[in-house]
Amino acid sequence: KTFKEINVPLKSQTIEELPKYVDAGLKRLYDHQHSDGGWGWWTNDQTHPYMTAYVIYGLSLAREAGYDINENVFYNGLNNLKSQITNAKSDIDETTLAYMIYSLSTAMKNQSYDKDNYVEIINILLRKDLKSYPLSLLAITLKNMSETQKAKDVVARLKKQVNEEKSFAFWGGEEWHYRWQNDNVQGTAFAVKAILNIEGNSDIIAKAVRWLLLKRQGYSWRSTQETSVVLFALTDYLKMTKELDPDFSVKIFLNDKEVFKKSFGKSDVFKQSETLKFSGSELNTLKKGNNKLRIEKSGKGILYLSGLSEFFTEDIKSVENNNGFKVRREYYVLETGEKDGRIIYFKKKFDGTVTSGQDIFVKTFVESKSENLDYFILEDMLPSGFEVVKDMDKYFIDGENNYQTYYDYYYDYMPWRWHYADREYRDEKVAFFVTSCQSKMEFSYIIKAQIPGENKIMPAQGYLMYYPELNGFSDVVNIKVNDVK
């Protein structure tokens, strides 16, 4: 849909493969829908207001782009979203509620529904001292509901909150909590989208676009969620500007030596971006200490240039391993024994050496100074030559209450009893997903030694899915597997 709106020619491979990716994504969303019609982060956690709204928004966009959507899934989710809006608790934050109504207005655009009830909720929200993010969402929502004058009034409030400098403009600036509700990049992107769709283009929009591009990290923004929000805003911007029709020439000099020269026209917009790589061994263009990069441009159009600096180190101890999360691991060898008349497993001290066929019990501990963090991922790397024991429910481990399981024979199921929302076993790691963090968390799993040899267990990594710069990792562990005598 984005490519069609700005008339970007698609590659034949993209045209062929995109429907496959969309279909796989839709099936995953269908499988993750809860019995009440809503969604959480996974199937095992509680229905969440934001996740339900997020999924309905995505399904609405796919529907609008011409993809076939499972109507039962869509309308069950829509009804759940309506129920969550009308029955929202008094302590729900304004940004989440605004996003829920925005998602509903997107799903019901150009359709007949009880708008007045939701307009009244919007009016109650607008009586509060709202930040820029919810104001942007409500402005677009009112536009979707054909409440044009109210939308313009909200945009006027929104523009008063801008942080404007000579070349840049952005919205936000309130206290940062690593939550999407406080995300200045997403808030600015929605502000751009709101102003463009209600008032049209202006100087402040160009400044905000430059600020958004400045916040890019490498080839994207900090997460897929943030990237998609920014791209939607930039699509609206490109539709209203002539940036897709450039006519200029560029020269780039590194330490006063010309390293790049090219003219750009309309046909170049849709080609793969030019990439320049510099290293110390490349014609001696890059030197130790300070380097000077000079860019000369002539002609009409805007040039966007970004840089990516990379380095590698063999000294892992020199890298900060506690950027918000402290991660450590403990390893135990499991040995069978008898207690109270039954066979159970006992934990024995791990000294770095095991025998092929032995089970290793791994406990990973994660600590954080804050509990107000959402969508945490722990990726615990597996050593070569080991295999994950997936049927842990058969293991009764002395002193580990989480492994004392029971089966509900009446309902014929094993209840989910873990504090995390989901767990996945992959070839190289075990991944855990936590919807809402606690200040202290514990994760555990069992691996079985298979192939003799000496290996290193790479660090376990913990991070926030949408804000991966908040992270931490454990130490490297050496392990030796002896053959069975």
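Only heavy atoms go into these numbers, but all of them, side chains included; no hydrogens, no water, no symmetry mates. In this text, all values refer to a predicted model and were calculated from it rather than measured experimentally. We count residues from 1, following the sequence as given.
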Looking at [X] and [Y], what are the two nearest heavy atoms and their distance?
X: Leu125; Y: Glu94; result: CD2-CG, 3.9 Å
X: Val155; Y: Ala194; result: CG2-O, 4.3 Å
X: Leu378; Y: Val327; result: CD1-CG1, 4.4 Å
X: Ser474; Y: Pro459; result: O-CB, 3.1 Å

Note to self: Does either side chain, that of Asn144 or that of Tyr102, offer a donor lying less than 3.5 Å from an acceptor on the other one?
What the structure shows: no

Donor-acceptor contact below 3.5 Å, side chain [X] vs main chain [Y]:
X: His48; Y: Tyr50; result: yes
X: Asn44; Y: Ala421; result: yes
X: Trp39; Y: Tyr30; result: no
X: Asp23; Y: Pro19; result: no
X: Ser83; Y: Asn79; result: no

Note to self: Please determine whether side-chain contact (heavy atoms from CB on, under 4.5 Å) holds for the pair Val388 and Ile446, giving the CA-CA distance in whole Å, both sets of side-chain angles, and the decisive distance to 0.1 Å.
What the structure shows: CA-CA 6 Å; Val388 175; Ile446 300 170; over 6 Å; no

Next item on the list: Decide if atom CD of Gln46 counts as having more than 12 heavy atoms of other residues, nucleotides or ligands within a radius under 6.0 Å.
Entry: no

Notebook entry, point to check: Is the count of non-hydrogen atoms from other residues, nucleotides or ligands lying under 6.0 Å from Lys207 atom NZ greater than 12?
Noted result: yes

Margin query: Would Phe386 and Val354 count as a side-chain contact (heavy atoms from CB on, under 4.5 Å) here? Give the steps.
Written below: CA-CA 11 Å; Phe386 281 74; Val354 295; 4.1 Å; yes

Check: What orientation do Tyr57 and Tyr99 show, parallel under 30°, tilted 30 to 60°, or perpendicular over 60°?
Finding: perpendicular

From [X] [atom1] over to [Y] [atom2], what is the distance, rounded to the nearest 0.5 angstrom?
X: Arg329; Y: Lys363; atom1: CZ; atom2: NZ; value: 15.0 Å
X: Gln161; Y: Leu130; atom1: CD; atom2: CG; value: 8.0 Å
X: Leu137; Y: Ser105; atom1: CG; atom2: OG; value: 9.0 Å
X: Ile457; Y: Ile360; atom1: CD1; atom2: CD1; value: 8.5 Å
X: Ser228; Y: Leu61; atom1: OG; atom2: CG; value: 9.5 Å

Kindly state whether the ring of [X] and the ring of [Y] have centres lying under 6.0 angstrom apart.
X: Trp42; Y: His32; value: yes
X: Phe350; Y: Tyr332; value: no
X: Tyr133; Y: Phe190; value: yes
X: Tyr445; Y: Phe361; value: no

Next item on the list: For side-chain contact (heavy atoms from CB on, under 4.5 Å), just list the numbers for Gln217 and Lys215, CA-CA rounded to whole Å, side-chain angles, deciding distance to a tenth of an Å, and then say yes or no.
Entry: CA-CA 6 Å; Gln217 299 181 6; Lys215 293 299 176 180; over 6 Å; no

Notebook entry, point to check: Do Val366 and Phe376 have side chains that get closer than 4.5 Å, going by heavy atoms?
Noted result: yes

Check: Do Phe473 and Met458 have side-chain heavy atoms sitting under 4.5 Å apart?
Finding: no

Check: Are Arg63 and Phe74 in a cation-pi contact, defined as NZ or CZ under 6.0 Å from the six-membered ring centre and within 45° of the axis?
Finding: yes

Next item on the list: Identify whether NZ of Lys or CZ of Arg in Arg423 sits under 6.0 Å from the centre of the six-membered ring of Phe432 and within 45° of that ring's axis.
Entry: no

